[in-house]
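Structure first, commentary second.
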Amino acid sequence: MTTALHIYHSITRQKELFIPETPGFIGMYVCGPTVYNDVHLGNCRTFVSFDIIYRYLQTIGYQVRYVRNITDVGHLLDDGEDRMSKGARLEKKEPMEVAQKYTVGFHNMMRIFQTLPPSIEPRATGHIPEQIEMVETILKNGLAYIKNGSVYFDTQKYIDNKGDYGVLSGRKIDELLSETRDNLKNQSEKNHPADFAIWMKASDEHIMRWNSPWGIGFPGWHLECSAMSLKYLGEVFDIHGGGNDLKFPHHENEIAQNMGSCQCKGAKYWLHTNMLLLNGKKMSKSDGNTISPEQLFIGNSEHISKSYSPMVVKFFMLQCHYRSTLDLTDAALLAAEKGYKRLMEAYKWIQSVNHPGTKGDAGQDADIEALIEAAHLDMADDFNTPKALSRLFELVNKLNSLKDKHIGWDQISPATFENIKQVFSLFINDIFAVDSDVEGDLSGNQDKSLLDGLMNLIIQMRNDARLRKDWATADLIRDALKENKVELKDGKDGSSWQVTES
RNA sequence: GGUCGGGUGGCCGAGUGGCUAGGCAGAGGUCUGCAAAACCUCGUACGACGGUUCGAAUCCGCCUCCGACCUCCA
């Protein structure tokens, strides 16, 4: 932990030196998915980004408690996506059934993207008492009022007391006033249009409902994150993350709730990931500009020409900084796929090779050590994955030169070579976690030795043919293998092979 | 209309007051029986217009285009 970590804080809008509340420990909260629908690719980008951050913080020595919630209340209205049947009781889907289905799907997708599970994954419905308690505290502090069984946060009073509503989003409360839509529910109940519900009275049709001091209802949309981060991370914790689109009103309200209840600001650093676009536009189901992770993986979409493996998609995401919008296009994915393969081939090569000599060359060693150092510094500079990747590619260049004997073994010392090995392993396995796709990796299981043996035999037979200058046989073998998705490459040290995808 | 963030070479994308990533594609070359891969070389970009400066694509102003948010939203 020698390098100073700088992260971009959304409130101050600049990079700041990161100082954890407790040395050596980090509390991180990320707003999780609402499980009423299949995971959206954009969600995946956000959670992949925070997974990289989580992994990176651990590799530099922090003990991290990563809390990511599951939102299973608040948006589950019965006119939602899953259209609860109006028929018999058994035909209706229990809200929990819906939530369970999509939670499982979400977890699956996270596994496919090789993300680590968070330390704690609390559900909003599992924390109703905590939320009620928080509402009570806010009421007690005089920053909320009750209207017809609902409780609203009093933004006016909050501003009079503290005056910082809008720090995150830059909104001015007076401007919010003029833009109010009259079709908003219960708008007339509010004292001020900027006020928001922290407890909602349940109408008769509303299927999720709990008893509370204010009658039957359900918690407000923004309350769960305040209550759960407080419970698991305390009044002050280090990092709060989420998608850019949650800044307002969700995060803004969260801050207000925290301040309004325990007078604590919650997160010290707010991080926001930027949006994933499809062909330059926001993904939207209504106008067909959308693609699901599954469609991407099986190539079933008008927007792409072929399928892309999860790791290619992940690599594609890592080539862009988390704070930038990323435009997903077929051409960009194609380019990412090739780059990914190149990186991984170099990685596999270095894993399988040991330095044969003892000497090195000061010039090359210094070059390489500088690249390695730079890659670490890039990550410490607001998690700059694209820049760190660029260093890795420069190392790939060195490795390929070494492989092709343009650089001699006597020019790179064993220690430096070992360092390259380590940095590749660190980034590709531990930080980026793009080492292999979950399925379809033929060389990854116990069949490997059998396959290796067979391939060695075939390669040997072909080499005999080549020595006899029997090109017809040699080419026949190579072509036949290619038909079976095995690609042969004749290098200076003999032939190598790999299984090709699709 | 308001808030915020952007417009970088053929494409994707970093970055930055002077040293100007990386990937993909393209051109030429090396290697190779051929192929593939790899390696070497090349392109010299920062929306428009003003301004600040010895010097800006990087700072300021204005214009323009794009995106997100302002309503559940990663």
Side-chain angles (χ1 to χ4, degrees), chain A residues 10 13 30-34 36-37 39-50 71 74-77 80 166 168-172 174-181 183-185 194 221 241-250 252 272-277 280-283 315-316 319-343 345-346 349 374 378 381 384-394 396-397 399-407 466 469-471 474-475 478-479 482 487-492 495-496 498:
Chain A
S10 297
R13 290 178 194 133
V30 172
C31 292
T34 303
Y36 68 128
N37 216 319
V39 224
H40 179 83
L41 234 199
N43 278 260
C44 295
R45 182 191 182 195
T46 294
F47 299 131
V48 162
S49 295
F50 283 106
T71 298
H75 315 140
L76 276 173
L77 303 172
L168 221 202
S169 58
R171 307 285 151 124
K172 304 271 188 306
D174 301 330
E175 287 160 3
L176 290 171
L177 178 68
S178 57
E179 283 309 306
T180 301
R181 311 277 169 88
N183 59 357
L184 278 179
K185 260 192 184 173
W221 300 320
N244 211 186
D245 48 356
L246 291 183
K247 264 188 196 167
F248 188 88
H250 184 63
E252 197 70 67
H272 289 95
T273 56
N274 218 134
M275 299 293 107
L276 178 68
L277 308 178
K281 280 185 215 137
K282 187 194 182 185
M283 290 198 210
F315 174 84
F316 167 70
Q319 273 192 307
C320 173
H321 188 85
Y322 75 89
R323 277 192 289 115
S324 299
T325 50
L326 172 59
D327 191 10
L328 186 138
T329 59
D330 194 51
L333 283 170
L334 238 23
E337 181 171 61
K338 293 198 175 177
Y340 172 71
K341 279 186 177 164
R342 182 149 173 258
L343 178 69
E345 273 204 53
W349 181 74
D378 293 333
D381 181 19
N384 198 325
T385 56
K387 214 170 172 187
L389 266 177
S390 79
R391 315 290 187 186
L392 253 34
F393 272 105
E394 295 202 45
V396 167
N397 224 305
L399 291 179
N400 284 334
S401 292
L402 193 61
K403 191 173 163 187
D404 270 16
K405 305 195 193 309
H406 294 117
I407 294 178
R466 290 175 73 203
K469 296 196 191 255
D470 180 1
W471 309 127
D475 289 353
R478 186 172 61 197
D479 293 346
K482 195 168 187 180
E487 194 176 7
L488 278 189
K489 290 174 191 170
D490 299 333
K492 285 186 176 168
S495 305
S496 65
Q498 70 173 138

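Below, chains carry the letters A, B, ... as their sequence lines are ordered, and counting in each starts from 1. Atoms considered below: every heavy atom in the structure, side chains included; atoms not considered: hydrogens, waters and symmetry mates. Since we're looking at a predicted model, the values are computed, not measured.
Closest to the A:Pro249 side chain, of the nucleotides B:rA36, B:rC70, B:rA68, is B:rC70. Among the nucleotides B:rA36, B:rC40, B:rA74, the one closest to any side-chain atom of A:Ser401 is B:rC40.
Between B:rC39 and B:rG50, the two P atoms lie 44 Å apart (nearest whole Å). Distance check on atom C1': B:rG55 versus B:rU16 gives 14 Å, rounded to whole Å. Atom name C1', nucleotides B:rG17 and B:rG13: the rounded distance is 22 Å, in whole Å. When the C1' atom is used for both B:rG29 and B:rA68, the distance is 47 Å, rounded to whole Å. Look at the P atom in both B:rU41 and B:rC24: the space between them is 16 Å, to the nearest Å. One C1' atom belongs to B:rC62, the other to B:rG51, and the distance between them is 10 Å to the nearest Å. Comparing B:rC59 with B:rG43, their P atoms sit 27 Å apart, to the nearest whole Å. Using C1' as the reference atom, B:rC46 and B:rA14 are 12 Å apart when rounded to the nearest Å.
The 5' end of RNA chain B is approached more closely, in terms of each residue's nearest nucleotide, by A:Phe316 than by the other of A:Leu246 and A:Phe316. The residue among A:His321 and A:Lys282 whose nearest nucleotide of RNA chain B is located toward the 5' end is A:His321.
Between A:Asp479 atom CG and B:rC34 atom C1' the separation is 11 Å, expressed in whole Å. Distance NE2 (A:His40) to P (B:rA68): 11 Å, rounded to an integer number of Å. Rounded to whole angstrom, the span from the CG atom of A:Asn384 across to the C1' atom of B:rU16 amounts to 13 Å. A:Leu276 places its CG atom 13 Å from the P atom of B:rC69, with the value rounded to the nearest Å. Separating the CG atom of A:Asp245 from the P atom of B:rU3 is a distance of 20 Å, rounded to the nearest angstrom. As a whole-Å value, the separation of A:Glu252 CD from B:rC73 P is 14 Å. In this structure, CG of A:Leu277 is placed 7 Å from P of B:rA68, rounded to the nearest angstrom. Nucleotide B:rA74 holds its C1' atom 11 Å from the CE atom of A:Met283, rounded to whole Å.
Residue contacts shown for A:Asp404 include a base, since a base heavy atom lies under 4.0 Å away. At a threshold of 4.0 angstrom between heavy atoms, the contacts of A:Gly241 with the nucleic acid are absent. Nucleic acid contact for A:Gly42: base, since at least one base atom lies under 4.0 Å from a heavy atom of the residue. Residue-level contact check: A:Leu326 touches the backbone only, with heavy atoms under 4.0 Å from sugar-phosphate atoms and none from bases. Residue A:Ser49 is classed as having no contact, given no heavy-atom separation below 4.0 Å to the nucleic acid.
By the ring-ring contact (aromatic ring centres under 6.0 Å, His included) test, A:His272 is found to be paired with A:His251, residues two or more places apart in sequence or in another chain being considered. Residues passing the side-chain contact (heavy atoms from CB on, under 4.5 Å) test with A:Ser49 are A:Arg45, A:Thr273, A:Tyr322, sequence neighbours excluded.
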Sort me out a list of protein N/O and nucleotides 22-25 of chain B N/O pairs below 3.5 Å, or just none if empty.
residue : atom : partner  : partner atom : Å
B:rG23  : OP1  : A:Arg342 : NH1          : 3.3
B:rA25  : OP1  : A:Lys338 : NZ           : 2.8

Please list, pair by pair, any protein nitrogen or oxygen found under 3.5 Å from a nitrogen or oxygen in nucleotides 29-33 of chain B.
residue : atom : partner  : partner atom : Å
B:rG33  : N1   : A:Asp475 : OD1          : 3.0
B:rG33  : N2   : A:Asp475 : OD2          : 2.9

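To the nearest 0.5 Å, atoms CD (A:Glu394) and CG (A:Leu399) are separated by 12.0 Å.
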Show me the dot-bracket string of RNA chain B, counting Watson-Crick or G-U pairs under 3.5 Å, with | for pairs to another strand and [ ] for crossing ones.
(((((((..(((.....[...))).(((((.......)))))....(.(((..]....))).))))))))....
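The existence of a salt bridge linking A:Lys482 and A:Asp479 is excluded, since no basic side-chain nitrogen approaches an acidic carboxylate oxygen closer than 4.0 Å. Under a 4.0 Å N-O distance rule, the pair A:Arg466/A:Asp490 qualifies as a salt bridge.
In this model, the phosphate group of B:rC39 is approached by a side-chain N or O of A:Asn400 to a distance below 4.0 Å at OP1 or OP2. Taking side-chain N and O atoms only, A:Thr34 has a distance below 4.0 Å to OP1 or OP2 of B:rA74.
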Counting primed atoms plus P, OP1 and OP2 as sugar-phosphate and everything else as base, spell out the protein contacts along nucleotides 4-10 of chain B at 4.0 Å heavy-atom distance: B, S or - for each nucleotide, 5' to 3'.
SS-----
